[in-house]
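Here's the structure we're looking at; comments come further down.
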Amino acid sequence: MESAARSANRDTASVTLVAVTKNVALEHVYEAIDSGVDHIGESRVQEALSKFEAVNTYAAARGLKIFWHMIGHLQTNKAKEAVKMFDLIHSLDSLPLAEKLNKEAESIGKVQDVLLEVKTSPEATKYGFAPDEVATALGQIRNFKNLRVKGLMTIAPEVSDSQEARPFFRLLKDLSSAMPCPVLSMGMTDDFEAAIAEGSTMVRIGRGIFGERRP
Ligand SMILES: *Cc1c(COP(=O)(O)O)cnc(C)c1O
């Protein structure tokens, strides 16, 4: 990350590392925390719930606070639990979900930080707003008083050379141009350098930290 930031003439501190701990055992999450990780990403509410208390307790005993990130598709029936746990939900991908998250956030007196997930390529993911829907969606979500849109998130398609992912990252950045200081959640193990070159402010890394996931 440091060398990618340097090559792009960017400050290393302008890119946040979210360690993706799906399918990762607690002991390895603890090792990551001991190595300086304080942002944790999970893609399923159920799995996050199973780790949340233990990880927070481990961190608190060391004087640390963990920031929890929801990065996977969120079903509306999990919105209540999600709002309780996550500092940032990267995967806001529909208006019905926005409505539900807003309602659940309101019921616990929270303003929930979210990112709009954008489908920057047709093949990469099933979820997310199409690029030409983003401006309208942002306008509609602005009416939800208990949601705060901090920026955009995307998953680039799998490509043989990570440089080929750059146009998708560039598109996400372009779509954020009307937002003040947007969070751009883009870049994973195989393409984070390309994402940092295109202005990523948040990379989501699983295998690059913890090794290949066991199913
Ligand atoms: C699993 C996952 C990641 C991390 O992927 P790696 O290739 O292991 O770095 C990042 N973002 C999302 C949305 C994921 O589901």
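Order of listing sets the numbers, starting from 1, for every ligand and every atom in it.
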Side chain to side chain donor-acceptor pair (under 3.5 Å) partners of residues 130-142, not counting sequence neighbours, each pair once: none
Would you say the ring centers of F210 and H28 fall short of 6.0 Å from each other? no
Salt bridge or not for D93 and K119, using N-O below 4.0 Å? no
Taking K22 first and then E47, would you say they form a salt bridge - that is, a charged N and a carboxylate O separated by under 4.0 Å? no
If the threshold is 4.0 Å, N to carboxylate O, is there a salt bridge linking K103 and E99? no
How many angstroms lie between CG in D191 and CD1 in I205, if you round to the nearest 0.5 Å? 8.0 Å
Set of residues that line ligand 1, where lining means a heavy atom lies under 4.0 Å from it: V20, K22, I71, I155, M188, T189, R204, I205, G206, R207, R213
